[in-house]
Amino acid sequence: MEGNHQIKRNSAQEIPQDWPILSWGVFLLLFVGTILVVFGVPFGPIAITIGIILLIFSYRATYTSFYLAVFFSLFLGLTVSLDTGSLNIGERAFGGSIDIFLGDILFMGVITAWAIKVILLWFKRRDVNWRPVMPIWKSYAALAGAHFISLFSSYGPDPVLVGKFVLRPIIFCYVAFIALPANLIRSERRLRAVLGVLTVVGALAALNAYVSLLDVEPYAWAIRRAHPIPLFGISLIGDNHNLLAELLMLTAPATLALSYLAKKSRMRTFLIIATAAQVLAGLLTFARSAWIVFIFQAGFLLTTVWRPILKKYAGILLGFVIIMIPLVLYQIQFSFSPTAQSSNSTRWMLTEIAWTAFVEHPIIGSGAGTYIWRVGNARVFLIEFGAPLEAHGFIQKLMAEVGLLGLAAYGLVLFMAGKYAWLRLQSLNGNPRIVCFILTASASGAVIYQLFNTAYWTSHLWLPIGLMLATTEMYYRREKSKQKDKYLFGVS
């Protein structure tokens, strides 16, 4: 039986030598690139070269490409702008320039390579290791459908803009951050690698936060506040403390989950310390959303898989709470500061704009991707706060753009994701169960954070959800395989 498993693993790791499909893909890239050059698109030759290199590298080193894509996708300040030239559709859909995250570009290469391998290894050879897994696709299809239907709104949204929004970010978020992890994270080894990537990102973000405390002059009434600082003139994390805290609230649970998979006690201790450092860095941003998420995640774990710890180390936990009191008092003070009050005013006006749009078009909304246009047309907002901003919360975003239909579809996606993970958790025990609960806390915290922030169509929300689904599915399949072997062959 062990030999059979080894044969399967070896066959799954083989790199297929069938290059006709890849060659056809390269030809198509060259053909499309040539057309772009003919139409005068200046970035055509460069895009062709980069596209070919990316596709070949992703095909030959799919997992390495996947890890790189995950790494760069978390840095929302790292974007690439591509001029669409004189193309009318480029001017109409993208305003003359395509702004895309670097991580998304890498994910596109991995998605293409994965699709080719699925064709070669599953549809052609029926290799079960490459059988596509598509978690919660029906509910997510309903969400994409709700966004597509919004183009029929009486508000008169541009069909091209709505269609672009449905493809990216809606469908792209599912394929890149849910489907891809579910299909590539098929073993604990792959899971450890992805969690390791998140740990490295978290360590860099925490270091960035602590360094920022050294070069900021404190307010007269306040202590220093952690925030992102540029590296070589590039703001990798973003331009505000909320994005830094949001990233750390994502990476800290991943680091903690990795500690349960570490084989050496010294490494486990190091990862726990790294987790604490990331959590503290996130709290030192004094982002209110981060504090809410941290309290939720800690409470969730203490009442589920950490219940024995709660009983055994109650005194230590009480001491930790006492130590946190000064930070809590400062957070309360900061919440009533002029800075926080100004933020509240901005969020309130954005919510009023969303509510007005919802009242006007309550069923299917005003159209996917139109909220920012509404804010831009609100002169009062521009006078008071300057440039238009996205809705600070996915509920406001959805109610304005896709109405009740979109809100219901979004709620269905979250419900089905929770149900998907919960049903698989029932059969797990030991560290796999704890790891899955930690990643569930991470996904839930990401959703809660996006009740107040603007990264609702990025990796900061959908990657934690995808990791939760992929991990529970992976451990569930492994447990089923063990039970089957035990039943058939009496393996203990």
Side-chain angles (χ1 to χ4, degrees), residues 76 99 101 104 139-140 142-153 155-158 161-174 177-178 238 240 242-243 246 287-289 292-293 343-378 381-382 385 387-415 417 443-465:
L76 300 185
D99 297 319
F101 298 124
D104 288 359
S139 58
Y140 203 95
L143 177 61
H147 280 79
F148 179 78
I149 291 173
S150 68
L151 70 85
F152 299 105
S153 170
Y155 183 70
D158 189 331
L161 293 177
V162 172
K164 183 205 77 170
F165 197 87
V166 171
L167 291 174
R168 181 181 178 272
I170 308 296
I171 294 178
F172 176 81
C173 279
Y174 176 82
F177 305 130
I178 295 181
N240 66 73
N242 279 307
L243 288 174
E246 178 182 87
R288 288 165 290 181
S289 304
I292 293 171
V293 168
S343 176
N344 292 341
S345 299
T346 305
R347 292 168 185 262
W348 182 251
M349 183 168 290
L350 290 170
T351 300
E352 286 183 335
I353 294 173
W355 177 254
T356 300
F358 174 73
V359 171
E360 292 176 359
H361 310 280
I363 306 301
I364 63 173
S366 301
T370 58
Y371 177 83
I372 195 72
W373 295 90
R374 278 186 171 271
V375 177
N377 290 327
F381 184 91
L382 299 181
F385 305 106
L389 302 172
E390 276 288 5
H392 280 56
F394 67 81
I395 292 180
Q396 299 93 307
K397 174 79 168 177
L398 292 168
M399 64 191 288
E401 295 187 351
V402 288
L404 288 173
L405 189 63
L407 280 170
Y410 200 93
L412 180 62
V413 168
L414 297 181
F415 172 78
S444 302
V447 173
I448 293 172
Y449 209 108
Q450 297 314 318
L451 289 171
F452 313 101
N453 211 26
T454 61
Y456 27 70
W457 292 117
T458 70
S459 61
H460 284 197
L461 172 59
W462 295 102
L463 182 59
I465 294 176

**Item:** Side-chain (Arg347) to main-chain (Phe452) donor-acceptor, under 3.5 angstrom
**Value:** yes

**Prompt:** Would you say Tyr410 and Ile395 make side-chain contact, with heavy atoms under 4.5 Å?
**Reply:** no

**Prompt:** Leu389 versus Phe381: any side-chain heavy-atom pair under 4.5 Å?
**Reply:** yes

**Asked** Would you say the side-chain atoms of Ser289 pair up with the backbone N or O of Tyr449, donor to acceptor, closer than 3.5 Å?
**Response** no

**Request:** Check whether any side-chain heavy atom of Phe101 sits under 4.5 Å from a side-chain heavy atom of Leu76, and report yes or no.
**Result:** yes

**Prompt:** Do Val375 and Leu350 touch side chain to side chain, with heavy atoms closer than 4.5 Å?
**Reply:** yes

**Prompt:** Do the non-hydrogen side-chain atoms of Leu382 and Pro388 ever get within less than 4.5 Å of each other?
**Reply:** yes

**Asked** Would a 4.5 Å heavy-atom cut-off, applied to side chains only, mark Ile465 and Val447 as touching?
**Response** yes

**Parallel, tilted or perpendicular, as decided by the 30° and 60° cut-offs, for the rings of Trp457 and Trp462** = parallel

**Message:** Contact between Leu398 and His147 at the side-chain level, heavy atoms closer than 4.5 Å - yes or no?
**Reply:** yes

**Asked** With side chains defined as the heavy atoms from C-beta onward, is the minimum distance between Tyr140 and Ile171 less than 4.5 Å?
**Response** no

**Prompt:** Can you name the closest pair of heavy atoms from Ile372 and Gly369 and give their distance?
**Reply:** CG2-O, 4.1 Å

**Asked** Can you name the nearest heavy-atom pair linking Ala409 to Leu143, along with the distance?
**Response** CB-CA, 3.6 Å

**Approximate separation, where rounding is to 0.5 Å, of Gln396 CD and Ile353 CD1** = 11.5 Å

**Fill in**
By salt bridge (Lys or Arg N to Asp or Glu O under 4.0 Å), Glu352 pairs with (sequence neighbours left out) none

**Asked** Mind checking whether Tyr155 and Trp373 have ring centres under 6.0 Å apart?
**Response** no

**Message:** I'd like to check the side-chain hydrogen bond (donor to acceptor under 3.5 Å, both in side chains) partners of His361; sequence neighbours left out, ordered by chain and number.
**Reply:** Ser154

**Message:** So, taking the atom named CZ in Phe165 and the one named CG in Leu161, what distance separates them when rounded to the nearest 0.5 Å?
**Reply:** 10.5 Å

**Request:** Identify, with sequence neighbours excluded, every residue that meets side-chain hydrogen bond (donor to acceptor under 3.5 Å, both in side chains) alongside Glu246.
**Result:** Gln450, Asn453, His460

**Request:** Say whether, by atom type as modelled, one donor and one acceptor occur between the side chain of Tyr371 and the main chain of Ala357 under 3.5 angstrom.
**Result:** no

**Message:** Can you tell me how the ring of Phe148 sits relative to the ring of Phe152, calling it parallel under 30°, perpendicular over 60° and tilted otherwise?
**Reply:** perpendicular

